[in-house]
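Naming: A, B, ... by sequence-line order, numbering from 1 per chain.
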Number of protein chains: 2
Amino acid sequence: MAGTALRQGARRGAREKLLEAALALIRAQGFAATSVDALCAAAGVTKGAFFHHFRSKEDLGVAAAAHWSEVTGALFEAAAYHDAPGPAARVLAYVGFRRALISGGLAEFTCLVGTMAQEAFDSSPAIRAACWASISGHAATLVPDIEAALAARGRDGESAESLALHTQAVLQGAFILAKASGEPARAVESIDHLSRYLCLLLTDESPDKILKTQGETP
Amino acid sequence: MAGTALRQGARRGAREKLLEAALALIRAQGFAATSVDALCAAAGVTKGAFFHHFRSKEDLGVAAAAHWSEVTGALFEAAAYHDAPGPAARVLAYVGFRRALISGGLAEFTCLVGTMAQEAFDSSPAIRAACWASISGHAATLVPDIEAALAARGRDGESAESLALHTQAVLQGAFILAKASGEPARAVESIDHLSRYLCLLLTDESPDKILKTQGETP
DNA sequence: CTCACCATACCAACCGGTCGGTATTGCGGT
DNA sequence: ACCGCAATACCGACCGGTTGGTATGGTGAG
């Protein structure tokens with residue numbers, strides 16, 4: 001009993017440590033530039049452990065995307081933006097939450113699956129599919145609120161799914177600008193444009209008011 | 001005589017052939033996954049030629065970004081969207097042009113520097129800077145029209161540069177969605193949202209009208 | 001004993017990069 | 001016009017290190 005607990009606590013499982021290391025390294029260097037050896041070193045694990053848990057490096061990539069979905073899924077599920085009153089306000093609060101997440105180093109707030117999809121879309125169908133599952137799955141969590149907000153404004157005909165995916169596109173693009181410029185603030189600016197677009201579509205209020213309430217630049 | 005002409009025709013310069021191959025391979029596989037050997041093979045050139053023209057693989061990356069700027073710069077300069085009447089219409093026509101460019105394989109319409117920036121932002125400052133120069137330089141070509149269009153609507157206070165960069169963010173994000181999903185149409189949808197946002201900001205007309213004029217989905 | 005879990009040693013292929021050498025070109029002197 | 005000659009462009013074998021992946025052996029829990 002105690003042995004088992006200590007085991008799971010201290011060792012924490014090579015698989016988890018490898019996945020954790022994968023998130024950090026792939027986000028910073030990309031998938032192709034991250035070697036299996038580097039992964040093992042970062043996780044404090046040998047190569048034998050790696051290939052015990054993953055059939056190949058590609059398999060690790062797929063598992064990393066799935067792990068990413070779990071980690072971020074839990075983060076967003078527990079976030080406070082769900083408490084906002086009404087569907088439109090919740091959608092705006094979601095974007096505000098994404099905006100607030102931007103702080104620290106670039107590799108700490110950018111998206112794992114967006115990065116991997118760029119590299120693997122042509123060379124690894126499995127990784128591509130896993131990345132798309134993560135992105136589209138996350139976007140799907142926004143659809144009910146967007147749908148309700150659109151309906152409330154008499155915009156029933158429009159596709160809530162398309163708008164949900166658009167929010168992800170803006171976020172991914174914002175990350176690219178931040179990486180390319182080296183200035184995270186560039187990402188914030190684009191996200192503010194997204195907030196304004198959503199304001200115009202989903203609310204009666206002036207966008208400037210809502211943007212002011214989202215706080216100052218980090 | 002005939003020998004010389006045939007030579008120059010066949011050789012075409014190893015540097016150009018390498019840069020051309022770099023655009024194709026890096027867009028499809030990413031920078032890290034593209035080996036120098038593969039580059040040379042695709043260009044029909046030996047490794048000696050490669051390292052004669054480029055000090056290192058990183059140097060090739062920087063040169064590829066610069067070459068990309070030239071190629072795309074010429075493409076956009078010659079495009080017809082400049083003929084649209086008035087600044088706002090030109091900005092919208094630009095986005096329509098970008099939309100129309102989306103056809104064929106994913107690696108044929110997506111952005112080289114956006115892909116490279118994701119991989120190299122942390123590991124190669126030189127490549128990062130070259131990518132940012134390409135993106136921001138392209139965005140800068142939109143600033144005068146956006147500025148005039150904003151002023152015409154009494155929105156002088158807002159940053160035209162920020163909005164110009166936002167258009168690039170949406171495009172980059174749209175490419176990621178297309179790559180991740182495997183469906184180029186996903187990119188088109190996001191670009192349509194961008195058109196609508198710009199309509200709301202820069203024109204008096206209803207967005208739906210302008211969107212209709214941009215033609216059917218490819 | 002069994003079996004999941006992990007460590008070590010090892011491999012062929014491939015990586016970016018070097019180097020000595022050759023072919024081609026541009027150009028100044030005569 | 002011709003030559004001489006240095007500079008440029010290119011070739012391809014080669015190098016040490018690294019790559020993803022394997023084969024085998026140990027070990028502790030059930």
Side-chain angles (χ1 to χ4, degrees), chain A residues 1-22 25-26 28-64 116 119-120 122-127, chain B residues 1-22 25-26 28-64 67 116 119-120 123-127:
Chain A
M1 276 295 191
T4 308
L6 196 150
R7 221 213 196 238
Q8 291 183 344
R11 308 271 290 264
R12 225 182 71 225
R15 190 185 151 91
E16 274 78 36
K17 288 200 287 183
L18 279 167
L19 287 174
E20 216 56 44
L25 290 185
I26 297 176
Q29 314 173 352
F31 180 74
T34 299
S35 71
V36 175
D37 284 321
L39 248 1
C40 293
V45 159
T46 61
K47 226 191 267 196
F50 184 101
F51 285 100
H52 173 73
H53 290 288
F54 308 102
R55 268 167 295 164
S56 63
K57 190 190 172 187
E58 182 184 17
D59 191 34
L60 178 272
V62 174
M116 275 207 297
E119 291 185 80
D122 199 40
S123 49
S124 169
I127 291 182
Chain B
M1 274 297 189
T4 309
L6 197 149
R7 269 287 171 140
Q8 291 185 343
R11 307 267 289 262
R12 220 184 71 228
R15 192 186 150 90
E16 275 76 35
K17 289 200 287 183
L18 280 167
L19 287 173
E20 217 56 44
L25 289 186
I26 297 175
Q29 313 173 353
F31 179 75
T34 300
S35 73
V36 175
D37 284 320
L39 248 0
C40 294
V45 159
T46 62
K47 225 190 262 201
F50 184 99
F51 285 99
H52 173 72
H53 291 287
F54 307 103
R55 268 168 295 162
S56 62
K57 189 190 171 186
E58 181 184 20
D59 192 35
L60 177 274
V62 173
H67 183 56
M116 274 207 297
E119 290 186 80
S123 48
S124 168
I127 292 182

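Remark: A:Ala63 engages A:Arg15, A:Leu19, A:Phe54 in a side chain to side chain contact (heavy atoms under 4.5 Å, CB included) (not counting sequence neighbours). A:Ala41 pairs by the side chain to side chain contact (heavy atoms under 4.5 Å, CB included) definition with nothing, not counting sequence neighbours. Under the rule for a side chain to side chain contact (heavy atoms under 4.5 Å, CB included), the partners of A:Val62 that lie at least two apart in sequence or sit in another chain are A:Ala126, A:Ile127, A:Ala130.
Within residues 29-39 of chain B, the residues having any heavy atom closer than 4.0 Å to DNA chain C are, in order of number, B:Thr34, B:Ser35, B:Val36, B:Asp37. For the segment residues 47-55 of chain A, the set of residues with a heavy atom within less than 4.0 Å of an atom of DNA chain D comprises A:Lys47, A:Phe51, in numerical order.
The minimum heavy-atom distance between B:Ala14 and B:Val45, with the atom names listed, is CB-CG2, 3.9 Å.
Counting only N and O atoms by type, the side chains of A:Ser124 and A:Glu58 include a donor and acceptor under 3.5 Å apart. Using a 3.5 Å distance cut-off with no hydrogens or angles, the side chains of B:Glu16 and B:His67 do not pair a donor with an acceptor.
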Take A:Asp122 and B:Gln29 through the side-chain contact (heavy atoms from CB on, under 4.5 Å) test and state the conclusion after the steps. CA-CA 7 Å; A:Asp122 199 40; B:Gln29 313 173 353; 5.6 Å; no
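When rounded to the nearest whole Å, the span between CG of A:Leu18 and P of C:dC5 equals 13 Å. Taking atom CG of residue A:Leu25 and atom C1' of nucleotide D:dT19, one finds them 16 Å apart after rounding to whole Å. The CD-C1' distance, from B:Glu16 to D:dC10, rounds to 14 Å in whole Å.
Checking C:dG17, D:dG21, C:dC6 against the side-chain heavy atoms of A:Ser56 singles out D:dG21 as nearest.
Judged as a side-chain hydrogen bond (donor to acceptor under 3.5 Å, both in side chains), the pairs with a partner in residues 37-57 of chain A (not counting sequence neighbours) are, in order, A:Asp37-A:Lys47.
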